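In what follows, a structure is listed as structure tokens, so that the remarks can point back to it.
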Amino acid sequence: MSLKNRRACGLLSENNIGETIKVSGWVNRRRDHGGLIFIDLRDRSGLLQLVFDENFSDFTIVEKLRNEYVIEVEGELRNRSEEAINDKLATGRIELVGQSIKILNTSKTPIFDISDDTANVDENVRLKYRYMDLRRKEMQDNLILRHKVTMAMRKFLDLNGFLEIETPMLGKSTPEGARDYLVPSRVNPGNFFALPQSPQIYKQLLMASGMEKYFQIARCFRDEDLRADRQPEFTQLDIEMSFVEKEDIINLVTDMIKEIFKETMSVDLADSFPRITYKEAIDKYGSDRPDLRFDLELIDIGEIVKDTEFKVFQSVLKKGGTIKGINGKNCGNILSRKEIDGLTDFVAQHGAKGLAWIAIREDGISSTIAKFLSDSELENIVKAMDGQIGDLLMFVADTKEVVNNSLGALRLELAKRLDLIDENELNFVWVVDFPLFEYDKEENRYVAIHHMFTAPQEQDLELLKTNPLEARAEAYDLVLNGTELGGGSIRIHDYNRQKEIFDLIGFSEEEAKVQFGYLLDAFTYGAPPHGGIAFGLDRIIMLMRKCSSIRDVIAFPKTQSASDLMLGAPSYVTEKQLKELSIKSDLKKDK
RNA sequence: GGCCCCGUGGUGUAGUGGUUAUCACGCCUGCCUGUCACGCAGGAGAUCGUCGGUUCAAGUCCGAUCGGGGUCGCCA
């Protein structure tokens, strides 16, 4: 029997009844009735029930089959009898009667159950035996969707005139941004390449090259600590276009996202996504990636208590801080005193020194701070926050940053506890009008919020000279359910403008030339106006598949300590290798 | 670097300082011709992550360490 003419298990149907068919795959499960054995055969397309009875010439081979053996079987496809139909299976109305069988490979007893849909196996084990984990249907579906999404992206962008262009992995370390992964250069001792944190500069140079419309499904590397949605290497859909304005890019990628959801999940999204300014997002939700599936808005009560006697509020306001509250609807009834104390610990993780609260009860107000506030202040606060009986009003008074961070996080936490989130909703929002800079107190200078090639908004150009922190950028982020899917900007394409920005973030002319001379040069040879965006592919797939970590949509991900449990990477290398690279380690080797 | 959680047969788990360390699935042997989480009978399988401490006695308490996860910092 040759491997040719193999059919896909999951694609067979009643249309194939009576045909002699060859299938091959893995033994998903066997049911041995003595003189009759059923095998659920699994291949990538699905499951098919095979039947063998004791009259079959190679029945002794069938008796030896175990889970995950790889077999090839030829036989006749037939209808199951009425009572034997299994509605849970796509191929539940048919079965293959085995007429010949060959064991292509045996398998040790699987470490965990491949046929079980639930991934309730320790992630350690799954990662060490990743090739087994990836046999599970859930994981196959994740990678299949990922494939479909990238295909849809390529198709959409191709139809819109984009060129897919590869850029180098071995590039140059640049200041700002994340920590680089470095690669030593053997032929240039003491010199290092950096793996790209993103193809940002390359794609701008491609615009200077006249490519006009570029995209790449690009691997990016950042040597920072890991999270559920952060891996040291991850994939971006990277896009850049010439002769465009912000609206062109927003419109294009809105259409692309719609197309992707339609084509891969048959989901119809709205024609356009709502927009929110950065300022409004921070003011109302305490985050630049607000989850708008629920309300729980932050309310500033600074104005109400501006003349308060309450020392804590007084001193915060005097120092230019902020006092905001959030109304935990009905929380007064739901949360115990202990749980409320727990929320205090929760906001403390985000820097808040305390969580003041006012519980509105049937019999009046219960509060940690009521005694420090006047009746009218109290009344106005309750009114401003629409406090009803049963509500729990919670407040943080601190610097603007701490207030927004802690209440933004509390908002999400409350939504979870109060079960306010509709898991099936797809809430897209564009966040626009980001500031160009923020102030870094440690380094005592401005730093770019997006990156230093982002163009300022036309009407804010004057502010660059007077009050740079007020200047807004021509930048935009696309947020889905509180996760930043992607972000981009219109770039600077003018030599002097770019120098001005470098100057503001404290780059000397000298330094700018050394670091980015080639880019500045490019601007002097007719670089077109351009802009673009980049999307986190892993995050998109994670959200589409409702996974809790991008590890589940990456074939071979790394653990939180950035290691690969299957390969045992990273690992020590030989002294000879290091020597060739002119590298010395100051760590004691323990092997 | 900080905080929090987890680590017990192959897998998932139970386990008030004193048990022969619980149960389910899986595995092995035998039986079984319509199952699909097949069934029935029997069996094997655990240095309780590692090291140290407290104690007459530690899976259990304490400390350290290793591994995994969540999160803050960090991630333009």
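To find a chain, count down the sequence lines: A is the first, B the second, and so on, and within it residues start at 1. Because the structure is a prediction, the values reported are computed rather than measured.
Judged as a side chain to side chain contact (heavy atoms under 4.5 Å, CB included), and not counting sequence neighbours, the contacts of A:Ala475 are A:Phe434, A:Thr454, A:Ala473, A:Ser489. With sequence neighbours left out, A:Ala90 forms a side chain to side chain contact (heavy atoms under 4.5 Å, CB included) with no residue at all. Applying the side chain to side chain contact (heavy atoms under 4.5 Å, CB included) test to A:Ile85 and every residue at least two apart in sequence or in another chain returns A:Arg80, A:Glu82, A:Asp87, A:Arg93. Listed by chain and number, the residues in a side chain to side chain donor-acceptor pair (under 3.5 Å) with A:Asn16 are A:Glu19 (sequence neighbours excluded). Scored by the ring-ring contact (aromatic ring centres under 6.0 Å, His included) test, A:Tyr181 finds no partners at all (sequence neighbours excluded). Applying the side chain to side chain donor-acceptor pair (under 3.5 Å) rule to A:Trp26 yields no partners; only residues at least two apart in sequence or on another chain are considered. Scored by the side chain to side chain contact (heavy atoms under 4.5 Å, CB included) test, A:Arg179 finds A:Asp223, A:Glu224 as partners (sequence neighbours excluded).
Within residues 220-236 of chain A, the residues that have a heavy atom under 4.0 Å from RNA chain B are, in order of number, A:Arg222, A:Glu224, A:Asp225, A:Arg227, A:Ala228, A:Arg230.
Of all nucleotides listed (B:rC72, B:rG34, B:rG68), B:rC72 comes nearest to the side chain of A:His350.
For B:rU60, there is no paired base (Watson-Crick or G-U wobble, both distances below 3.5 Å).
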Detail all sub-3.5 Å separations between protein N/O atoms and N/O atoms belonging to nucleotides 7-14 of chain B.
unit_1 : atom_1 : unit_2   : atom_2 : d
B:rG10 : O2'    : A:Ile111 : O      : 3.0
B:rU11 : O4'    : A:Ile111 : O      : 3.1
B:rG12 : OP1    : A:Asp122 : N      : 2.8

Find every protein N or O atom lying less than 3.5 Å from an N or O atom of nucleotides 27-31 of chain B, and list the pairs.
unit_1 : atom_1 : unit_2  : atom_2 : d
B:rC28 : OP1    : A:Arg66 : NE     : 3.0

Tabulate protein N/O versus nucleotide N/O from nucleotides 49-51 of chain B, keeping only pairs under 3.5 Å, one per line.
none

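Identified under the side-chain hydrogen bond (donor to acceptor under 3.5 Å, both in side chains) test for residues 37-51 of chain A, with sequence neighbours left out: A:Asn28-A:Arg42, A:Arg31-A:Asp40, A:Arg31-A:Gln49, A:Arg42-A:Glu68, A:Asp43-A:Ser45, A:Gln49-A:Glu95.
A:Asp538 places a side-chain N or O within 3.5 Å of a backbone atom of A:Thr235 that can act as its donor or acceptor partner. Here the side chain of A:Ser563 pairs no donor or acceptor atom with the backbone of A:Leu565 at under 3.5 angstrom. No side-chain donor-acceptor contact under 3.5 Å links A:Asp58 to the backbone of A:Ile61.
Here CG of A:Leu343 is found 7.0 Å from CD of A:Glu413. Values are rounded to the nearest 0.5 Å.
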